[in-house]
2 protein chains.
Amino acid sequence: MDLQKLRTKAIEVVKEKLRHSVKADLLIVQAISNTEELDKSINLLSERLREWYELYNPEFSKAIESHERFVNEILSGKDLKVNDSMGSALSQKDMDAILELARQIKGLFALKNKETDYVESLMDKECPNVKAITGVSIGAKLISLAGSLERLSQFPASTIQLLGAEKALFRHLRNKRNLPPKFGILHEHPLLGKVSSKNKGKMARTLADKISIAAKVDIFKGKFVGDMLLQQVEKKAQELKR
Amino acid sequence: MDLQKLRTKAIEVVKEKLRHSVKADLLIVQAISNTEELDKSINLLSERLREWYELYNPEFSKAIESHERFVNEILSGKDLKVNDSMGSALSQKDMDAILELARQIKGLFALKNKETDYVESLMDKECPNVKAITGVSIGAKLISLAGSLERLSQFPASTIQLLGAEKALFRHLRNKRNLPPKFGILHEHPLLGKVSSKNKGKMARTLADKISIAAKVDIFKGKFVGDMLLQQVEKKAQELKR
């Protein structure tokens, strides 16, 4: 009987713990993964929209590269057909089926923007220091790759430097002929584009150093030092330009 | 000079031909491919929606299997949280980000239904006989696999029987140890589920025979014989039950 009580109590304690285990960084992980999946869906559906629409007006689709602009312009009716177009005349009903798809894609673009804003507001609260150095997208992806802000703050800089490059790293470890990777997701950082290619590894390491510090400050709710850290990496980028 | 004129004229003729090359079956191919891609996007985004929502109310997500019902119920606010739920309390802003995603997924479901209706109306006009035997989805996929209704009508029944099983067929041809496939996309046909498993190949062949006849009738705009053909395959299915 007492055993039964103990069991009930134990389950209650675990449930209570679970209830409080969701921190903002878990929401960041969900939201940033969602924006990546929205991107995938948008591309898949936009390719179809173009192929379909090209039956009607191929010249217009070829002239516009950005999916978002293409969707907006055919929805606003700006897609004037050239006189000697190779496209066929379509009935209103056929056009409607195409425009419905365009409307949904537009909705997905809007959602992606909203979710990105949401991630930004979460990061402003949870990890302003990391965000100052990495920006929204890279910062959120680092947290997502690490699993949580707490785990990110426990990683050494060398691990942060290679987050997202696991495949290349293990290929190197299995087979010494491949060079080790110099950076993972950090290759998306704008400062990496500013330094000469032989210095990219060094730049990634500097970034990882400062991100590691920033994550530790964020997890212990220290005061904002992001601007100072950013200045330091920007100075390093200047030195590594040549 | 005359050569220049000839060239311009030739281009005009080709453009004119292209303009008239879009027949309803090309629209069927686009629309049915679109519904398949919508399915993919819906599944991708629904998996994310569930994972995200489970931070708040895991018990509810686990209780509902259908993505469509899940989306509708959390949007209608019917997702009452059980008292001792393991989920965390989320702020309104956090919930809004999740519900926005649910709203978009709902829009994608609605679009899929619309596009399916559209395909049905096109098939009623273009290939009522094929549709009578196969239904909307399989018929449209057969046209999509063949490339056009015209090509489908030129295929022998043995080819129609294996449309969509190309991978298994070539695996068999390369390597005689694998048995040849007995059917491709036709495995989705409800009548195939009604016959015993050793007769499935025969049933698929009967279906392919009649689809081949139906496609020929449709391409030459013959009168409607779909009901008669359907009766014949249904009779065959009765015979092949055991």
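As the structure is a prediction and not an experimental result, all values here were calculated from the model. Each chain gets a letter, A, B and so on, in the order the sequences are listed, and its residues count up from 1.
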**Prompt:** Of all of Lys17(A), Lys93(A), Glu16(A), which one pairs up most often with chain B through heavy atoms under 4.5 Å apart?
**Reply:** Lys93(A)

**Prompt:** Glu65(B): what forms a side chain to side chain donor-acceptor pair (under 3.5 Å) with it, not counting sequence neighbours?
**Reply:** none

**Request:** Identify, with sequence neighbours excluded, every residue that meets side chain to side chain donor-acceptor pair (under 3.5 Å) alongside Arg151(B).
**Result:** none

**Complete:** residues 112-134 of chain A vs chain B, non-hydrogen distance cutoff under 4.5 Å, contacting residues -> Lys114(A), Glu115(A), Tyr118(A), Ser121(A), Leu122(A)

**Request:** Would you please go through residues 41-51 of chain A and name the residues with a non-hydrogen atom below 4.5 Å from one of chain B, in numerical order?
**Result:** Ser41(A), Leu44(A), Leu45(A), Arg48(A), Glu51(A)

**Prompt:** Where on Lys40(A) is there a heavy atom nearer than 4.5 Å to chain B: the side chain, the backbone, both, or neither?
**Reply:** side chain

**Prompt:** To the nearest 0.5 Å, how far apart are CG in Asn34(B) and CG in Leu101(A)?
**Reply:** 4.5 Å

**Asked** Roughly how far, to the nearest 0.5 Å, is the CG atom of Leu108(B) from the CD1 atom of Ile105(A)?
**Response** 9.5 Å

**Asked** Does any heavy atom of chain A fall under 4.5 Å from the side chain of Leu38(B), the backbone, both, or neither of them?
**Response** both

**Prompt:** Tell me, side chain or backbone of Leu111(B) under 4.5 Å from chain A's heavy atoms, or both, or neither?
**Reply:** side chain

**Prompt:** Counting only heavy atoms not in Gln154(A), do more than 12 sit closer than 6.0 Å to its CD atom?
**Reply:** yes

